[in-house]
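Step one of this worksheet: look at the structure below.
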Amino acid sequence: MGDLELLLPGEAAVLVRGLRSFPLREMGSGGWNQQHENLEKLNMQAILDATASQGEPIQELLVTHGKIPTLVEELIAVEMWKQKVFPVLCRLEDFKPQNTFPIYMVVHHEASIINLLETVFFHKEVCESAEDAVLDLIDYCHRKLTLLVARSSRGGPPEEEECQSSTPMQELQKQAELMEFEIASKALSVLRYITDCVDSLSLSTLNRMLSTHNLPCLLVELLEHNPWSRREGGKLQQFEGGRWQTVAPSEQQKLSKLDGQVWIALYNLLLSHEARARYCLTSFAKGQLLKLQAFLTDTLVDQLPNLAGLQGFLAQLALTETQPPKKDLVLEQIPEIWEQLERENRGKWQAIAKYQLRHVFSPSEQDLRLQARRWAETYRLDVLEAIAPERPRCAYCSAEASKRCSRCQNEWYCCRECQVKHWEKHGKACVLAAQGDRAK
């Protein structure tokens with residue numbers, strides 16, 4: 001592994017072998033929390049390994065022990081929990097937790113898993129080891145990207161706003177909504193890596209991508225709406241590294257990472273031999289795809305030279321007769337994870353929420369301190385700083401920060417004034433984290 005190690009090779013193997021799926025009602029329980037911590041460690045170590053370019057043992061362990069399908073199942077399970085159980089929890093009148101950290105960990109679990117999958121799916125053998133779960137993962141990515149397009153058509157991603165009258169649960173709901181945008185960007189990267197394997201995917205998988213979901217047309221919509229770019233105060237901002245960043249005028253023609261992922265996915269889906277043989281170019285699909293010609297500028301092709309092939313494909317497509325929708329009888333596999341989870345838990349959402357209220361999300365003060373200690377051990381500051389893409393930012397105004405909260409050492413600020421303004425929001429988490437450190 002790299003110079004900075006969070007896990008020794010033997011420890012990583014033990015954590016990977018222990019990965020398993022949890023029922024929805026156990027999310028947030030002691031065993032589930034332990035696995036969440038293990039996943040965070042694996043996640044951080046995988047990023048360290050990828051950054052150091054010295055082999056990637058986490059990816060190899062996940063493949064060797066057949067745990068990619070388990071990660072996909074956990075990803076979809078927590079997605080379902082957030083859609084079906086979390087809103088019920090938020091509506092329960094007798095649920096007024098003093099601390100929302102335990103629930104936040106479940107909400108954040110989806111982001112942790114999709115981030116790990118984004119890191120390891122760069123390798124084609126990971127896609128192959130997903131087996132039938134790749135169908136479920138494609139459906140998951142399609143749901144996230146469709147939601148991203150829908151939100152951008154309504155005016156872009158949600159803004160992080162300060163509201164003095166918000167309850168802790170309302171604040172948590174806002175954080176969950178903000179988190180969805182970053183999760184969708186990770187899902188885009190995972191989908192692009194799956195398209196890298198398009199020539200070796202099963203017929204059912206290809207049909208799911210090209211016919212059931214018509215991913216090429218969805219990707220065109222993403223380029224049209226461009227949800228990861230916005231104008232703020234007359235300045236262009238792009239979503240990079242998990243936050244919005246102002247783009248200098250000299251850099252505005254530069255291809256962003258997310259735009260690049262869309263273009264590469266389109267190239268893979270439209271120009272690979274297997275995909276071209278399966279994709280039905282209806283009049284609707286032709287009209288959507290020809291919109292790409294307006295985006296394929298010389299500047300773009302200079303940055304991604306392979307797109308010259310896509311230019312040629314579109315020029316030929318403009319002269320091609322469209323095809324009627326295919327009516328062939330095709331026997332294919334279908335995704336099972338979402339359907340199975342919904343079948344097992346249908347009609348039980350309120351019962352699950354009430355069970356978790358009593359047994360999971362109402363911990364004692366001592367339990368919270370013990371958990372805070374475990375979080376402090378998991379999120380080591382030297383590791384977090386090593387995997388951070390750049391210098392830390394002020395938790396209040398997002399300016400570059402050089403001062404850290406002296407009590408908990410977790411938040412950064414550019415000045416004392418910002419720290420004071422942010423205290424009302426940060427205070428409870430700060431006290432809890434500091435208690436965890438003293439408990440060591």
Side-chain angles (χ1 to χ4, degrees), residues 118 122 141 144-146 148-157 181 184-196 198 209-210 213-273 275-276 279 281-322 389:
E118 181 196 31
F122 176 80
C141 294
K144 294 299 175 183
L145 298 185
T146 302
L148 191 59
V149 169
R151 281 183 173 165
S152 61
S153 66
R154 296 197 303 265
F181 191 78
S185 70
K186 302 290 184 183
L188 172 60
S189 294
V190 170
L191 182 64
R192 174 253 146 141
Y193 293 138
I194 293 174
T195 67
D196 286 345
V198 70
M209 298 171 77
L210 299 172
H213 296 316
N214 199 348
L215 288 180
C217 287
L218 177 59
L219 293 170
V220 172
E221 287 194 74
L222 277 173
L223 286 176
E224 280 190 295
H225 288 91
N226 201 13
W228 38 81
S229 294
R230 69 182 186 186
R231 289 278 173 183
E232 192 75 18
K235 296 181 179 179
L236 176 66
Q237 292 187 336
Q238 289 182 340
F239 191 79
E240 292 274 358
R243 63 181 185 82
W244 290 97
Q245 302 182 49
T246 300
V247 182
S250 60
E251 297 287 311
Q252 291 184 7
Q253 295 297 314
K254 187 177 178 181
L255 186 68
S256 71
K257 177 185 174 182
L258 293 173
D259 278 318
Q261 300 287 41
V262 176
W263 282 111
I264 294 171
L266 279 166
Y267 179 90
N268 290 337
L269 290 174
L270 296 175
L271 270 71
S272 79
H273 175 73
R276 288 183 69 170
Y279 189 43
L281 286 166
T282 62
S283 57
F284 172 76
K286 178 179 177 179
Q288 287 294 101
L289 295 177
L290 288 179
K291 292 178 181 179
L292 295 173
Q293 291 179 313
F295 297 99
L296 278 167
T297 63
D298 292 340
T299 303
L300 175 61
V301 177
D302 285 344
Q303 295 176 73
L304 271 180
N306 285 354
L307 294 185
L310 185 57
Q311 275 184 319
F313 167 80
L314 294 173
Q316 183 181 2
L317 176 63
L319 306 174
T320 302
E321 291 291 327
T322 58

Given the rule in the side chain to side chain contact (heavy atoms under 4.5 Å, CB included) test, do Glu224 and Phe295 qualify, once you have shown the distances and angles that lead to the verdict?
CA-CA 9 Å; Glu224 280 190 295; Phe295 297 99; 4.2 Å; yes
Euclidean distance, Trp263 CH2 relative to Asn268 CG, rounded to 0.5 Å:
13.5 Å
State, to 0.1 Å, how close Val301 and Leu307 come at their nearest heavy-atom pair, and which atoms those are.
CG2-CB, 4.4 Å
So, for Thr322 and Ser283, which heavy atoms are closest and what is the spacing to 0.1 Å?
CG2-CA, 3.5 Å
Can Leu281 and Leu289 be said to form a side chain to side chain contact (heavy atoms under 4.5 Å, CB included), step by step?
CA-CA 9 Å; Leu281 286 166; Leu289 295 177; 3.7 Å; yes
To the nearest 0.5 Å, what is the distance between CG on Leu266 and CG on Leu223?
6.0 Å
Check the side chains of Ser256 and Gln238 for a donor-acceptor pair under 3.5 angstrom, ignoring hydrogens and angles.
no
Qualifying residues under side chain to side chain contact (heavy atoms under 4.5 Å, CB included), relative to Gln303, sequence neighbours excluded
Lys254, Leu255, Thr299
Closest heavy-atom pair, Val262 versus Trp228, reported as atoms and distance to 0.1 Å, is CG2-CH2, 3.7 Å
Report the C-alpha separation of Leu258 and Asn226 in whole Å, then their side-chain angles, then the decisive distance to 0.1 Å, and conclude whether the side chain to side chain contact (heavy atoms under 4.5 Å, CB included) test is met.
CA-CA 9 Å; Leu258 293 173; Asn226 201 13; over 6 Å; no
To the nearest 0.5 Å, atom CG of Leu269 lies from atom CZ of Arg192 at 11.5 Å
Looking at Phe122, I'd like to know if its CZ atom is crowded, meaning that more than 12 non-hydrogen atoms belonging to other residues, nucleotides or ligands lie closer than 6.0 Å.
no
Please check if the side chain of Gln245 supplies one atom and the backbone of Glu240 the other of a donor-acceptor pair under 3.5 Å.
yes
If you draw a 6.0 Å radius around NZ in Lys291, do more than 12 non-hydrogen atoms from other residues or ligands fall strictly inside?
yes
Please check if atom CD in Gln252 has more than 12 non-hydrogen atoms from other residues, nucleotides or ligands closer than 6.0 Å.
yes
So how far is it from Leu314 CG to Lys286 NZ, rounded to the nearest 0.5 Å?
11.5 Å
Check Pro227 against Trp244 and note the closest heavy-atom contact, atom names and distance.
O-CH2, 3.4 Å
Show the nearest heavy-atom pair for residues Gln311 and Leu296, with the distance to one decimal.
NE2-O, 3.2 Å
Of Leu310, Leu210, Leu219, Leu317, the one forming a side-chain contact (heavy atoms from CB on, under 4.5 Å) with Leu270 is Leu310
Which heavy atom of Cys217 sits nearest a heavy atom of Ala285, and at what distance?
SG-CA, 3.8 Å
Test your reading of the model: is there a side-chain donor-acceptor pair from Glu221 to the backbone of Val149, 3.5 Å cut-off?
no
Between Arg151 and Phe181, is there a side-chain heavy-atom distance shorter than 4.5 Å?
no
Got a second to check how far Met209's CE is from Leu218's CG, nearest 0.5 Å?
11.0 Å
Ile264 side, atom CD1; Asn306 side, atom CG - distance, nearest 0.5 Å
8.5 Å
Closer than 3.5 angstrom, by distance alone: can the side chain of Lys257 be matched with the main-chain N or O of Ser189 as a donor-acceptor pair?
no
